[in-house]
Amino acid sequence: MNPSNSNSSNLFLLQRLGPAGFLVGQDQEQQSGVVKHKVMLGNLPTCTCGDDAGHEPCVHLVFVMLRVLRILANNPLVWQSALTDHELQQVLTGHHSRTNRRSTNSSTRAGLGGSSASCRLSSGSVQRKEVDEDEPCPICYEPLAEMDLAWLVYCSSGCGKNMHGKCMRVWSQHQTKTLHQELTCPLCRCPWGPLSWTPPSPSHAKAHNKTSSS
């Protein structure tokens, strides 16, 4: 990935709807903004997009299986149109997840009902943590490594973790406009405060490319 470029993902995990439900946002860019679909894993996995009615799972189901639940693409469970109770339990408990699965994923699930007791009173009082080599964004689940920090934001009042600025804007829209809630970190659920991130200018990207190649 070119470190000067923003993440190319257009799929985002906006909300966990219980242990087997996922609200997935898809960025339609110039068409209609972010469209939301509910993915439900069960004996017959479904998605409200309706594209999963055939023999192949829709892109939203695949996103949940591959990115969120970290199942390898060559695992037949990803592509099956039906799951047994045993297979479903293994999928949801991480039995088939990749061995390098980051704690970010479990933190995201725990954060849905987590406490903000460890949050700092003032934003900016927590130091930014370094991005680990295989650390994914907790919203789009794409890698963060080698990303220009200008494209990232971090939780400055709680966990100090990084995420894509673009993803955080989508997350913010869902939390504040749809759920009418205070904007919080998708990982630790500490109050975020105003989100002021804007994409870097083309001149910044050009300068970064020049510095990286020298």
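Quick note: numbers below take in every heavy atom, side chains included, and nothing from hydrogens, waters or symmetry partners.
- In this structure, CD on Glu142 lies 9.5 Å from CG on Asn10, to the nearest 0.5 angstrom.
- Between the CG atom in Leu144 and the NZ atom in Lys161 there is a gap of 9.5 Å [rounded to 0.5 Å].
- Both Trp79 and Leu92 are assigned to one and the same hydrophobic cluster, defined by single-linkage of ILVMFWY side chains at heavy-atom distances under 4.5 Å.
- There is a side-chain donor-acceptor pair under 3.5 Å between Gln175 and Thr184.
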For side chain to side chain contact (heavy atoms under 4.5 Å, CB included), just list the numbers for Arg169 and His164, CA-CA rounded to whole Å, side-chain angles, deciding distance to a tenth of an Å, and then say yes or no.
CA-CA 9 Å; Arg169 285 205 301 187; His164 295 120; over 6 Å; no
Could you walk me through whether Glu182 and Thr176 pass side chain to side chain contact (heavy atoms under 4.5 Å, CB included), step by step?
CA-CA 6 Å; Glu182 177 186 29; Thr176 61; over 6 Å; no
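- The closest side-chain donor-acceptor pair between His60 and Gln26 falls under 3.5 angstrom.
- Residues Leu183 and Val34 share a hydrophobic cluster, clusters being chains of Ile/Leu/Val/Met/Phe/Trp/Tyr side chains in contact below 4.5 Å.
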For Lys38 and Phe22, run side chain to side chain contact (heavy atoms under 4.5 Å, CB included): C-alpha distance rounded to whole Å, both residues' side-chain angles, the deciding distance at 0.1 Å, then the answer.
CA-CA 6 Å; Lys38 292 182 180 179; Phe22 308 81; over 6 Å; no
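- A donor-acceptor pair under 3.5 Å links the side-chain atoms of Trp197 to the main chain of Ala150, judged by distance alone.
- One hydrophobic cluster, built from ILVMFWY side chains closer than 4.5 Å, cannot hold both Leu72 and Leu61; they sit in different ones.
- A donor-acceptor pair under 3.5 Å links the side-chain atoms of Ser97 to the main chain of Leu69, judged by distance alone.
- Within the 4.5 Å cutoff, no side-chain heavy atoms of Leu13 are placed close to those of Leu23.
- Panel note: side chain Thr93, backbone Gln89; a donor-acceptor pair is recorded below 3.5 Å.
- We find the SG-CZ distance between Cys159 and Arg128 to be 11.5 Å, quoted to the nearest 0.5 Å.
- Looking at every heavy atom in both residues, Cys47 comes nearest to Val39 through SG-CG2, 3.9 Å.
- The aromatic rings of Phe63 and Tyr141 lie perpendicular to each other, with more than 60° between the two planes, well past the 30° mark.
- Using a 4.5 Å cut-off between side-chain heavy atoms of Ile, Leu, Val, Met, Phe, Trp and Tyr, with links allowed through other members, Val91 and Met40 fall into different hydrophobic clusters.
- Panel note: side chain Asn43, backbone Ala82; no donor-acceptor pair is recorded below 3.5 Å.
- In summary, the side chains of Lys36 and Thr178 do present a donor paired with an acceptor at a separation below 3.5 Å, with no hydrogens or angles considered.
- No side-chain heavy atom of Pro57 sits less than 4.5 Å from a side-chain heavy atom of Ser81.
- Judged purely by atom type and a 3.5 angstrom limit, Asp132 has no side-chain atom pairing as donor or acceptor with the backbone of Asp134.
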